[in-house]
Asks: 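Can you keep this structure in mind? I'll have questions shortly.
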Amino acid sequence: MSLTTPGPSTGLRDGTSVPSLPVVQPRDFPTNRGGLCQKGWTSAAVLGTSDRIVTPLVRGASGDLEPTSWDVALDLVASRLGAIAAEHGPEAVAVFGGGGLTNEKAYALGKFARTVLRTPNIDYNGRFCMASAAAGMNRSFGVDRGLPFPLADLGGAQAVLLLGSNVAETMPPAVQHLAGARAAGGLVVVDPRRSATARLAEDPGSGQPAEGVHLAPVPGTDLAVLLGLLHVVLAEGLADRAYLEERTTGFDDVARSVAAWWPERVESVSGVPAADLRRVARLLAAAAPVHGGSGAYVLTGRGVEQSTQGTATVTASINLALALGLPGRIGSGYGAITGQGNGQGGREHGQKADQLPGYRKIDDPAAREHVAAVWGVDPETLPGPGLPAVQLLNSLGARSDEASRKGGPVRPRALLVHGSNLVVSAPNASNVIDRLKSLDLLVVCDFVPSETALLADVVLPVTQWAEEEGTMTSLEGRVIRRRAAVAAPGEARSELWILAELARRLGAPESLAFSTDPAVVFDELARASAGGPADYSGLSHARLDADEASSGPGLFWPVPAIPSAGSGTQVATADPLQHPGTPRLFLDRFATPDGRARMVAVDHVGPSDDVRPGAPFYLVTGRVLQHYQSGAQTHRVAELERLVAEPYVELHPVLGFRIGVPDGARVRLTSSRGRVEATARWTDAVRPDTVFMPFHWSGIGSVNQVTTDATDPISGMPEFKVCAVDVSVVEPDTSVVEPVETRTGLDKLDQRGPLAQRGPIQKELST
């Protein structure tokens with residue numbers, strides 16, 4: 001999108017003037033081609049929301065969050081962090097980042113955690129989003145870039161297999177790139193629901209007679225479906241044998257493993273008819289270049305990745321694509337559809353528990369030495385890998401039995417949160433709320449009073465997307481400039497400034513520079529990434545600006561710097577002799593030591609929380625078109641809130657009749673972790689054994705109160721997408737009293753609901 005002349009000015013409830021809001025206009029960009037979804041069109045409204053946080057807040061002696069100055073707030077945070085680390089060790093301080101932070105802020109956050117705080121305990125909400133895809137791609141290809149090709153390449157495909165992604169609602173402008181596959185009858189959507197995207201497979205549009213395929217497996221059995229598809233490809237001689245011989249390893253083990261997954265067995269496990277499995281396998285093979293097709297893609301999304309077998313499911317998707325000879329060929333391939341705004345860049349530069357900038361592994365001695373040299377520190381002082389998100393959250397705070405466990409691991413007693421609303425977005429959310437409440441110090445950087453901010457001891461107001469400079473990296477690895485269009489209101493500051501101020505107060509040496517200039521931070525990021533898988537060393541703000549000004553093709557990582565002739569100096573300018581970037585990976589070799597893709601045998605086990613007596617129905621979760629993530633932003637846009645104002649539960653009419661839940665009734669979902677309530681909606685778009693609930697609400701309508709925090713053993717991703725629940729009508733005389741609604745704003749900061757019960761911290765100022 002682009003922003004033009006600001007509109008009328010607005011004001012906040014406390015009388016603070018808000019700069020005039022910009023007008024959002026579509027931009028003709030390769031990924032969206034001028035298209036915007038409802039969230040994009042209305043995004044400027046969030047900039048002027050009336051409950052914007054514009055001054056630091058500290059929880060005072062009354063127990064309420066009270067306005068204060070930046071000096072008071074930062075002095076308090078620094079003194080408490082220093083005291084906690086001195087008493088319990090640096091591991092007692094933890095950091096939780098977000099996939100919406102710019103590359104510069106994600107980089108600075110990781111650097112701050114490892115050099116100033118010296119804690120290994122940093123992770124981010126991308127662990128809830130892309131971790132399984134990243135683990136699978138790294139294992140098979142040697143590198144993780146969501147789409148190893150430009151998104152627009154999908155337009156020429158004859159077939160697209162889309163698993164666990166409802167792009168028609170989550171990324172509507174991307175749908176136009178599926179037009180070719182739809183017209184050819186080659187769009188295959190795997191989803192337990194008949195989602196808006198699944199309906200695209202049934203209706204090719206433009207009066208075309210061809211139809212695609214919608215497979216609706218039992219929730220949690222997508223892996224079995226993939227194993228069955230590969231079985232058919234191999235059994236019917238449809239694989240690209242020359243490609244497998246030349247470009248892969250591990251094929252024999254995979255072939256033996258899928259021999260046990262013949263279509264009829266898959267049907268008995270997944271409910272997908274054997275005939276449909278054979279049809280889809282043949283359709284994909286016909287589109288593969290080896291059989292004269294114009295190209296095919298296998299794409300995965302959160303629906304199959306947010307699972308205890310998410311990495312295995314991604315691996316099976318890659319195995320299928322490799323068997324058909326797709327990755328590394330123009331017009332074909334495998335890719336994972338990134339979920340957050342900077343979901344790709346956010347995991348490349350150091351806010352992930354096991355990584356350093358440039359997508360380097362933190363336990364690699366060479367990587368540690370390189371990054372430490374850029375930072376000007378001894379590599380031995382850098383901590384090792386930390387805990388992935390779910391384990392980190394479960395470890396927070398003092399426990400009653402900790403004194404009896406002397407010599408055990410240090411539990412984090414303080415947490416800094418940047419760009420995440422954990423109270424709503426984390427699995428098994430009731431447990432997370434308890435852990436947050438048990439902390440000695442909770443500091444949240446946010447721009448609205450999110451549910452997590454309302455639990456904090458200190459809230460620091462930060463800038464939003466239209467108020468800051470920086471870069472983002474798209475799902476296809478394209479590095480994109482973000483530019484400030486309006487001034488930030490009140491005393492809101494960038495995290496770059498906050499981290500620099502905290503580093504100074506915590507005694508960081510001047511040599512450990514924390515610049516507040518995004519261009520300078522990017523230049524340092526580029527040097528730190530040099531030689532890594534995600535190499536940005538040939539990039540700078542100036543080069544990105546010049547490419548855009550000249551209507552260039554865009555710059556996709558890796559973009560290594562090229563030494564200047566005769567000097568050995570690496571430069572990053574608009575010099576046409578510089579590296580042009582890498583729009584398409586794997587054309588010549590994969591990023592593995594031998595250049596071959598690794599095929600890895602995997603097997604289907606099923607969900608960790610399967611249906612059983614007392615919890616006989618599957619619950620699947622997802623998004624709606626109008627809202628995003630925890631809803632902290634979109635619930636503040638009147639137009640979006642009016643369209644979908646409350647949480648709901650979709651269930652099939654057959655199920656509704658059978659268990660006595662009428663359409664429109666108040667319904668309760670109960671799992672072994674908690675219960676939620678919402679309005680029932682009858683629809684034939686969901687399986688009769690399954691209910692669907694979106695995850696954008698808090699309080700009694702927060703579906704993550706019932707989701708499981710069981711995780712994938714490789715990626716650490718929680719199994720958001722499927723668990724077992726009971727479903728019942730809420731009778732009027734047994735209704736659960738809803739907690740104080742915490743997303744309505746600063747006008748409710750003084751109401752002491754269950755999510756706001758924190759002890760005073762203002763007393764620390766006098767100690």
Side-chain angles (χ1 to χ4, degrees), residues 393 421-437 448-455 609 614-615 617-624 626-636 640-651 656 659-682 691-709 718 720 723-745 747-749 751-758:
L393 295 175
N421 189 10
L422 296 167
V423 166
V424 182
S425 62
N428 195 7
S430 294
N431 177 65
V432 171
I433 293 170
D434 289 342
R435 293 296 89 227
L436 294 175
K437 287 181 178 180
V448 293
S450 68
E451 289 78 2
T452 306
L454 290 178
L455 269 183
D609 188 25
F617 310 111
Y618 291 106
L619 166 67
V620 297
T621 67
R623 300 178 183 173
V624 299
Q626 291 77 16
H627 290 301
Y628 183 70
Q629 303 296 69
S630 72
Q633 297 181 57
T634 53
H635 286 307
R636 289 173 163 81
L640 300 178
E641 185 74 346
R642 184 171 59 252
L643 292 170
V644 186
E646 64 175 9
Y648 60 89
V649 175
E650 289 184 354
L651 69 161
I659 64 176
V661 175
D663 185 29
R666 185 77 171 175
V667 66
R668 177 179 296 144
L669 307 182
T670 306
S671 76
S672 58
R673 294 158 296 279
R675 59 185 181 180
V676 295
E677 295 178 12
T679 301
R681 289 187 182 180
W682 280 13
V691 295
F692 166 81
M693 188 171 175
F695 52 67
H696 309 295
W697 283 269
S698 60
I700 197 64
S702 174
V703 73
N704 281 327
Q705 300 284 338
V706 300
T707 55
T708 176
D709 56 4
F720 279 113
C723 67
V725 297
D726 192 18
V727 183
S728 59
V729 169
V730 178
E731 301 297 339
D733 60 341
T734 61
S735 296
V736 174
V737 177
E738 184 168 352
V740 171
E741 180 56 72
T742 60
R743 66 168 170 77
T744 54
D747 58 334
K748 292 202 173 184
L749 279 174
Q751 297 194 24
R752 311 308 303 140
L755 296 186
Q757 294 172 357
R758 296 279 294 159

Asks: Where is the tightest heavy-atom contact between Ile700 and Arg675, given as atom of each residue plus distance?
Replies: CD1-O, 4.3 Å
Asks: Could you go step by step and tell me if Phe617 and Ile659 meet the side-chain contact (heavy atoms from CB on, under 4.5 Å) rule?
Replies: CA-CA 11 Å; Phe617 310 111; Ile659 64 176; 3.7 Å; yes
Asks: Please name the pair of heavy atoms, one in Gly660 and one in Val729, separated by the smallest distance, quoted to 0.1 Å.
Replies: O-CG2, 3.1 Å
Asks: Are Glu677 and Arg668 within salt-bridge range, i.e. N to O under 4.0 Å?
Replies: yes
Asks: For the residue pair Tyr648 and Trp697, does the interplanar ring angle fall in the parallel (under 30°), tilted (30 to 60°) or perpendicular (over 60°) class?
Replies: perpendicular
Asks: Which pair of heavy atoms, one from Ala724 and one from Ser671, lies closest together, and at what distance?
Replies: O-CB, 3.7 Å
Asks: Are the side chain of Asp726 and the backbone N or O of Thr670 linked by a donor-acceptor pair below 3.5 Å?
Replies: no
Asks: Might you work through the side-chain contact (heavy atoms from CB on, under 4.5 Å) test for Val649 and Phe692, ending with a clear yes or no?
Replies: CA-CA 6 Å; Val649 175; Phe692 166 81; over 6 Å; no
Asks: Taking C-beta and beyond as the side chain, do Glu451 and Asn421 meet within less than 4.5 Å on heavy atoms?
Replies: yes
Asks: May I ask you to decide if Cys723's main-chain N or O and Thr708's side chain share a donor-acceptor pair within less than 3.5 Å?
Replies: no
Asks: Please round to the nearest 0.5 Å and tell me the distance separating atom OG of Ser698 and atom CG of Asn704.
Replies: 11.5 Å
Asks: Any side-chain heavy-atom pair from Leu651 and Trp682 closer than 4.5 angstrom?
Replies: yes
Asks: Nearest 0.5 Å, what's the CG-OG1 distance between Leu669 and Thr707?
Replies: 11.5 Å
Asks: Taking all non-hydrogen atoms of both residues into account, name the closest pair between Ser702 and Val676 and its distance.
Replies: O-CG1, 2.8 Å
Asks: Do Val706 and Met693 make a side-chain contact, defined as non-hydrogen atoms from C-beta onward lying under 4.5 Å apart?
Replies: no
Asks: Can you list everything that forms a side-chain hydrogen bond (donor to acceptor under 3.5 Å, both in side chains) with Asp709? Sequence neighbours excluded, please.
Replies: Asn428
Asks: Using the side-chain hydrogen bond (donor to acceptor under 3.5 Å, both in side chains) criterion, which residues pair with Ser728? Sequence neighbours excluded.
Replies: none
Asks: For a quick test of reading the model, state the closest non-hydrogen atom pair linking Ala429 to Ala426 and the distance between them.
Replies: CB-O, 3.7 Å
Asks: Taking side chain as C-beta onward, heavy atoms only, is Leu619 less than 4.5 Å from Val703?
Replies: yes
Asks: Indicate the atoms forming the closest heavy-atom contact of Thr452 with Val423, along with that distance.
Replies: OG1-N, 3.0 Å
